[in-house]
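Because only heavy atoms are used, hydrogens play no part in the values below, and waters and symmetry mates are left out as well, while side chains stay in. Each chain gets a letter, A, B and so on, in the order its sequence line appears, and its residues count up from 1.
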2 protein chains.
Amino acid sequence: MTYCVGLKLDAGLVLLADTRTNAGLDNISIYRKMFFFETPGERVIGIMTAGSLSVTQTTIARLHEAIHAEGADETTSIMRATTMLQIATIIGNTLAQTRREISEQFRDLQGYEASASLIVAGQRAGDDMRLFLIYPEGNFIEATEDTPFLQIGEHKYGKPILDRVITPATDLLDAQKAALLSMDSTLRSNLSVGMPLDLAVIRKDDCRVTSARRIAEDDPQFRAMSAAWSEALRESFIKMPI
Amino acid sequence: MTYCVGLKLDAGLVLLADTRTNAGLDNISIYRKMFFFETPGERVIGIMTAGSLSVTQTTIARLHEAIHAEGADETTSIMRATTMLQIATIIGNTLAQTRREISEQFRDLQGYEASASLIVAGQRAGDDMRLFLIYPEGNFIEATEDTPFLQIGEHKYGKPILDRVITPATDLLDAQKAALLSMDSTLRSNLSVGMPLDLAVIRKDDCRVTSARRIAEDDPQFRAMSAAWSEALRESFIKMPI
């Protein structure tokens, strides 16, 4: 499985993804699940993926191909599309088409269906930041003031902390902290989500990846935060009246 | 859906269940999901249920009938069975049989299958306390030193707090607190789990329900705990380094 979360705050976008993929419990690998397409200052598009690796890799590869294809235009290339809505539509269509083709290859395997979901975040210069969750069928929903974060994959373990602390006014540092704590809870409770992590920030109106880093298994900062959070939870727990 | 959790500590058993059932989002009701069978001082059996209400109600009703049936013996009545393992086996068989019969009624509705899982906890005088999770097929697993709690229903939201604080040495008060906080996270993040709650404690070697209470929506103690926990989480979050 996977856990990816995207947050749309007044100050910018925060994206966090794990990197574990597995085909059965005895076949575990590391694959990047966060991808960027950018023309710095003009547009930035971040995509995070969850689901069948063959679907997500082929979808990303086709998006790349479409950008460089002869005759690429605003209806086929996410680097030429004129709005984030158009970009989400192109990505949704590419995902749906890829999923259908691959599922068709599995038609003799009853009950099995290739599937994938994506989170798409970004901004074009002069337009608003947008954050979408794209379903396997290609349709999508969008983050709003009321629901400023979207999750794909193993989303339940890490939802309580986000529900409690995230509002659109949350600053980018706190948003990264909340995303990492949400991931930390998921990592502890579900083996199918694993380190390393990819964490990125797109500050409002930067129209580029403002910062992106890979957090390794032995990252001292993440380990310290994880330990401090455990300690804080235990202390709060002990002090809690019943 | 449902959230039920059972904890097996050195000091006793703690059981917590919500009461919300729904057939679609517009048909929501309150049904008890925690049931006790006891001969105080000799045996106590607690059962918590998750899944199709028709399956769980019929299963509980059949367990009652079997106790009072003519010719009831240790292979058919959970009040005569001589070990907790035998009790779990009878309950598992009853559940599996009920589920099969009801699923059969749905055979024309493709893709729909009636299903349910149970948590069974208890002790017979002179024997050890036991805690089982019974699957829809009737097979079961048991809580151990390494895994002292079992959950059914919407278990993911409330797992991180239990993973962090519960060990077999946890005392009964802290175990109730942890179970309630686990439920609180689930209630906040998932509408299909709802108040009121049923909370019960079976102290080791009591062989009876030591305490059981229903926690209503407006229970001042639970509300205070829920608010204090939110406040503690927020405070810990603010103080957390990144």
*Does any heavy atom of chain A fall under 4.5 Å from the side chain of B:Ala178, the backbone, both, or neither of them?*
both
*Most heavy-atom pairs under 4.5 angstrom with chain B, which of A:Pro241, A:Ala232, A:Ala224, A:Ser189?*
A:Ser189
*Assess whether atom CZ of A:Arg214 is packed by more than 12 heavy atoms of other residues, nucleotides or ligands within 6.0 Å.*
yes
_More than 12 heavy atoms of other residues, nucleotides or ligands under 6.0 Å from CG of A:Leu191: yes or no?_
no
*Taking A:Met225, A:Arg164, A:His155 one by one, which has the highest count of heavy-atom pairs under 4.5 Å against chain B?*
A:Arg164
*Is there a donor-acceptor pair closer than 3.5 Å between any side-chain N or O of A:Lys177 and the backbone N or O of B:Met240?*
yes
*Are side-chain heavy atoms of B:Leu233 and A:Leu233 found at a separation under 4.5 Å?*
yes
_Can you tell me which portion of B:Leu180 sits under 4.5 Å from chain A's heavy atoms? Options are side chain, backbone, both or neither._
side chain
*So, B:Arg234 and A:Asp163, do they make that salt bridge, N to O below 4.0 Å?*
no
*For each of B:Glu235, B:Gln176, B:Glu154, B:Glu231, tally heavy-atom pairs with chain A at distances under 4.5 Å, and name the one with the top tally.*
B:Glu154
*Look up atom CD1 in B:Ile166 and atom CZ in A:Phe237, then write down how far apart they are to the nearest 0.5 Å.*
6.0 Å
*Residue B:Arg203 excluded, over 12 heavy atoms near CZ under 6.0 Å*: no
